Student: 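Below is one structure. I have some questions about it.
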2 protein chains.
Amino acid sequence: MANIREIAKLAGVSVATVSRVLNHYPYVKEEKRQAVWKAVEKLNYTKNINAVHLAKGKTSIIGVILPYVNHPYFSSIVDGISQEALRHGYHFLLFQTNYDVQKELEALEMLRVKQVDGLIICSRTISWEMLKLYQEDGPIILCEDAKSCEMSSVSIDHYEAFMLGMNYLIAKGHRKIGYCIGRTSGTNSERRDAAYRDALQNIDASPREEWIFDHCLEIADGARIVKALLSMEDKPTALLVASDQVAAGIVLWGQKNGLQVPENLAIVSFDNHPIAEALGITTVDLPLLSMGQKAFQLIHDCFIGKTTTNQNEQLPVRLIERFSV
Amino acid sequence: MANIREIAKLAGVSVATVSRVLNHYPYVKEEKRQAVWKAVEKLNYTKNINAVHLAKGKTSIIGVILPYVNHPYFSSIVDGISQEALRHGYHFLLFQTNYDVQKELEALEMLRVKQVDGLIICSRTISWEMLKLYQEDGPIILCEDAKSCEMSSVSIDHYEAFMLGMNYLIAKGHRKIGYCIGRTSGTNSERRDAAYRDALQNIDASPREEWIFDHCLEIADGARIVKALLSMEDKPTALLVASDQVAAGIVLWGQKNGLQVPENLAIVSFDNHPIAEALGITTVDLPLLSMGQKAFQLIHDCFIGKTTTNQNEQLPVRLIERFSV
DNA sequence: TTGTATGCGTTATCAC
DNA sequence: GTGATAACGCATACAA
């Protein structure tokens with residue numbers, strides 16, 4: 001593979017001039033410019049991008065940390081990041097962690113070793129304290145409210161979203177309300193839980209731990225929820241379901257097992273993915289694509305020095321009324 | 001940021017020895033090894049991976065080309081690639097092309113400039129001829145049958161899969177059969193179309209172009225299909241649907257509009273994603289996760305020199321009988 | 001076992 | 001405008 005020196009020799013100029021031509025500098029005599037391009041053509045030359053990375057000390061690659069790529073919630077975010085990165089000539093490495101701290105640490109190491117210029121963390125297990133150790137190695141953007149820990153973030157106001165759902169259910173007369181969630185730990189989940197409890201307190205009702213269902217991620221989990229509900233003596237009359245996928249599962253397995261939505265159980269879910277529309281599920285629209293785009297924009301602002309302070313953006317949500325309540 | 005030279009100085013050894021320690025070479029005296037690690041610790045040293053890439057001439061990064069990341073079909077494949085890459089200490093860059101040839105070319109360039117060591121192409125628009133120009137730059141694995149163009153591939157036998165579905169429908173007495181597909185071009189789509197026509201020929205039936213629905217990708221497309229079917233005078237009695245997502249859309253929008261599955265329309269779909277089980281849709285299981293894993297394994301075999309010839313693997317499919325026929 | 005010297009392919013500085 | 005040459009940070013062949 002030809003390198004810049006061979007080009008220089010063939011074109012009869014110095015490597016510096018070749019570099020200038022290749023990088024579209026002004027102030028190169030036209031005839032030399034021509035000669036360089038001719039040599040490039042002739043030797044079928046391409047830059048070795050690793051050399052560029054080394055010389056420049058940056059890669060134009062960002063890292064994206066997420067637990068699962070094969071889930072609509074996260075692949076929507078990735079979609080947004082991807083679109084925006086492409087527009088700015090950036091690439092991204094995907095780190096699928098399955099919420100394993102070891103894997104999260106490995107991804108963070110990529111920032112230290114300069115494999116990536118920055119990091120977007122869609123969801124995490126690792127602690128904020130640990131995270132902050134890597135802040136000096138490059139910009140990190142979190143997809144959760146990180147104002148209190150003094151890191152940059154773009155997030156959905158999950159408290160507001162859950163509150164919206166709760167108040168809607170309450171307005172429709174429900175008092176026995178439970179919820180389904182992917183995991184109970186994590187900033188976003190904790191905010192949702194807080195909204196749940198606050199909303200119940202507002203109507204002098206108390207939360208019921210057995211109405212809170214953990215590990216709800218995909219359609220198949222709906223079967224488990226339905227089964228659990230059916231075997232309960234004192235059932236909730238309504239459920240907030242933190243993923244349209246799970247809500248769909250509940251609706252569909254409910255149909256088969258005599259638990260009708262909304263007759264026997266009201267549901268408000270979250271995301272507003274196509275499946276919710278198809279099933280007529282009332283859902284809170286979460287701007288996941290926008291969040292991905294915004295996350296990249298924030299990190300890019302750091303790269304170009306537009307931003308030096310921590311930014312914390314919140315994206316609005318809205319309830320979409322359909323027929324599951 | 002400290003570099004290897006500073007470590008060498010502080011530890012009182014040469015850079016070569018530092019490198020040996022860092023890369024776990026044998027034949028380094030224990031006390032020097034200790035000294036090096038102590039210096040590493042003290043200066044909070046990390047390798048600059050770009051320098052490693054430059055010196056080694058490789059990156060341990062592969063590129064993955066796909067049209068959409070936010071679609072279960074593709075994110076399943078990515079999941080497989082991701083899992084397997086991680087096991088072998090590789091990372092991957094995702095190139096979302098939206099089937100845009102320009103973007104596909106940009107991704108291929110990453111192979112030329114040594115940004116990636118190899119490429120997995122999940123789906124493409126670009127021609128085989130163009131693709132072959134990049135073969136000399138590194139291994140390329142296609143997720144489609146590429147035997148005839150002499151490139152490596154791991155694929156699902158979509159001809160067999162479609163034939164399986166067709167014969168099942170035919171055995172159930174259907175003769176008026178159409179199909180839904182993501183796009184009509186592409187190796188995989190062409191193989192499916194061939195199976196469709198061959199199967200009909202076997203029963204002396206002829207294909208009906210108006211029963212072939214293009215651009216079927218996600219749930220929402222089901223609404224369009226249902227509408228089209230309802231306005232047809234001469235309807236098909238059965239449909240092969242190349243994605244569970246679309247099949248789900250047809251079932252759900254059909255319910256709302258008086259087109260019952262299977263009473264008015266039989267459906268066999270493909271993928272065997274959770275939504276198909278939830279809706280009781282008879283589907284052909286496609287091993288997408290395995291395909292992703294296998295794709296990485298093939299490319300890895302090239303890296304370690306285990307394979308020099310083109311490999312063409314086919315993964316088996318199986319029909320899962322449920323209640324949509 | 002260890003050190004020296006060189007290569008990897010650019011970019012960037014500085015003198016002319 | 002242009003060319004030498006020094007970084008960039010590491011791996012490795014070769015010599016000792």
Side-chain angles (χ1 to χ4, degrees), chain A residues 1-37 39-40 43-61 89 109-117 137-138, chain B residues 1-37 39-40 43-61 89 109-117 137-138:
Chain A
M1 200 65 173
N3 63 25
I4 201 172
R5 259 183 294 277
E6 298 181 45
I7 300 297
K9 193 189 291 179
L10 183 60
V13 299
S14 72
V15 293
T17 297
V18 175
S19 181
R20 288 189 186 102
V21 173
L22 259 31
N23 294 298
H24 308 287
Y25 268 61
Y27 312 130
V28 177
K29 201 174 279 176
E30 190 54 28
E31 65 186 66
K32 300 212 176 193
R33 186 185 303 280
Q34 300 284 342
V36 168
W37 282 121
V40 165
L43 297 183
N44 190 27
Y45 165 84
T46 331
K47 263 197 236 198
N48 181 322
I49 214 159
N50 294 312
V52 178
H53 290 169
L54 176 58
K56 293 199 140 171
K58 54 170 241 151
T59 58
S60 294
I61 297 176
E109 277 303 311
M110 297 299 103
L111 196 56
R112 284 198 72 204
V113 301
K114 309 281 180 204
Q115 167 93 262
V116 298
D117 294 344
D137 299 312
Chain B
M1 200 65 173
N3 63 26
I4 201 174
R5 259 182 297 275
E6 299 180 43
I7 301 296
K9 192 189 292 178
L10 183 60
V13 299
S14 71
V15 292
T17 297
V18 175
S19 180
R20 288 186 188 103
V21 173
L22 258 33
N23 294 299
H24 308 286
Y25 268 62
Y27 313 131
V28 177
K29 199 174 281 178
E30 190 53 27
E31 65 186 64
K32 301 213 175 197
R33 185 186 304 279
Q34 300 284 342
V36 168
W37 283 122
V40 164
L43 297 183
N44 190 26
Y45 164 84
T46 330
K47 267 196 235 198
N48 180 321
I49 214 160
N50 295 311
V52 178
H53 291 168
L54 177 58
K56 294 196 135 169
K58 56 171 234 148
T59 58
S60 295
I61 296 176
E109 278 302 312
M110 296 300 102
L111 197 55
R112 284 197 73 204
V113 301
K114 310 280 180 205
Q115 166 92 263
V116 297
D117 294 344
D137 298 313

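Proteins come first, then strands; the chains are lettered A, B, ... in the order of their sequence lines, and each starts at number 1. Predicted model only: the values in this text are computed from it and were never measured.
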Student: Of Leu54(B) and Val15(B), whose nearest nucleotide on DNA chain C comes first from the 5' end?
Tutor: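 Its nucleotide being nearer the 5' end, the pick is Val15(B).
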Student: Thr59(A) vs Lys114(A), test: side-chain contact (heavy atoms from CB on, under 4.5 Å). Steps then yes/no.
Tutor: CA-CA 8 Å; Thr59(A) 58; Lys114(A) 309 281 180 204; 5.7 Å; no
Student: Out of dA12(C), dT2(C), dT10(C), which has the shortest distance to the side chain of Val28(B)?
Tutor: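 My answer, after comparing the listed nucleotides, is dT2(C).
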Student: Report the distance from atom CG of Asn3(A) to atom P of dC8(D), rounded to the nearest whole Å.
Tutor: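 Atom-to-atom, Asn3(A) to dC8(D), this comes out as 21 Å.
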Student: How many whole angstroms separate atom NZ of Lys114(B) from atom P of dG9(C)?
Tutor: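 That distance rounds to 9 Å.
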Student: With the side chain of Ser14(B) defined as its heavy atoms from C-beta on, choose the nearest nucleotide among dT4(C), dT2(D), dT10(C).
Tutor: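 Side chain of Ser14(B) sits closest to dT4(C).
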Student: From dA4(D), dA11(D), dT2(C), pick the nucleotide closest to the side chain of Ile4(B)?
Tutor: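 The answer is dA11(D), which lies nearest to the side chain.
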Student: Between dT11(C), dT2(D), dC10(D), which nucleotide gets closest to the side-chain atoms of Lys56(A)?
Tutor: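 Closest nucleotide among those given: dT11(C).
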Student: When the distance from NZ of Lys58(A) to P of dA12(C) is rounded to whole Å, what number comes out?
Tutor: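 Taking atom P of dA12(C) as the reference, NZ of Lys58(A) is at 11 Å.
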Student: Does the pair Gln115(A) and Ile61(B) meet the rule for a side-chain contact (heavy atoms from CB on, under 4.5 Å), with working shown?
Tutor: CA-CA 10 Å; Gln115(A) 167 93 262; Ile61(B) 296 176; 3.3 Å; yes
Student: Report yes or no: is there a donor-acceptor pair, N or O only, under 3.5 Å between the side chain of Arg20(A) and the base of dG3(D)?
Tutor: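 Side chain to base: pair found, below 3.5 Å.
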Student: Using whole Å, what does the distance between atom C1' of nucleotide dT11(C) and atom CG of Leu22(A) come to?
Tutor: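 The answer, rounded to whole Å, is 11 Å.
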Student: Would you confirm whether Asp117(B), through its side chain, and Ser60(B), through its main-chain N or O, come within 3.5 Å as a donor-acceptor pair?
Tutor: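 Here the side-chain-to-backbone pair exists.
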Student: With a non-hydrogen cut-off below 4.0 angstrom, is Ser19(B) in contact with a base, only sugar-phosphate, or nothing?
Tutor: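 Result for Ser19(B) = base.
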Student: I need the CZ-P distance between Arg5(B) and dC8(D), as an integer number of Å.
Tutor: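 Checked: the CZ to P distance equals 8 Å.
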Student: Can you give me the closest heavy-atom contact between Tyr45(B) and Ile4(B), atom names plus distance?
Tutor: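 Nearest heavy atoms, Tyr45(B) then Ile4(B): CE1-N, 3.8 Å.
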Student: Between P on dT13(C) and CG on Asn23(A), what's the gap in Å once rounded to a whole number?
Tutor: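 It works out to 13 Å between those atoms.
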Student: Could you pull out every donor-acceptor pair under 3.5 Å between side chains of residues 9-20 of chain B and any protein atom, sequence neighbours left out?
Tutor:
| from | atom 1 | to | atom 2 | distance (Å) |
| --- | --- | --- | --- | --- |
| Ser14(B) | OG | Ala16(B) | N | 3.4 |
| Ser14(B) | OG | Thr17(B) | N | 3.3 |
| Ser14(B) | OG | Thr17(B) | OG1 | 3.3 |
| Ser19(B) | OG | Asn23(B) | ND2 | 3.4 |

Student: Give a yes-or-no answer on whether the side chains of Asn48(B) and Arg112(A) include a donor-acceptor pair shorter than 3.5 Å.
Tutor: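 Per modelled atom types, Asn48(B) and Arg112(A) side chains form no pair under 3.5 Å.
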Student: Has Asn50(A) got a side-chain atom pairing as donor or acceptor with His53(A)'s backbone, closer than 3.5 angstrom?
Tutor: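 Looks like no, no N/O pair under 3.5 Å.
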Student: Can you list, in residue-number order, the parts of residues 44-53 of chain B that come under 4.0 Å of DNA chain D, counting heavy atoms only?
Tutor: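 Those residues are Tyr45(B), Thr46(B), Lys47(B), Asn48(B), Ala51(B), Val52(B).
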Student: What is the distance, to the nearest angstrom, from the OH atom on Tyr25(B) to the P atom on dT1(C)?
Tutor: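 These atoms are roughly 16 Å apart.
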Student: Rounded off to whole Å, could you give me the NZ-to-C1' distance for the Lys9(A) and dG9(C) pair?
Tutor: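 Result: 15 Å.
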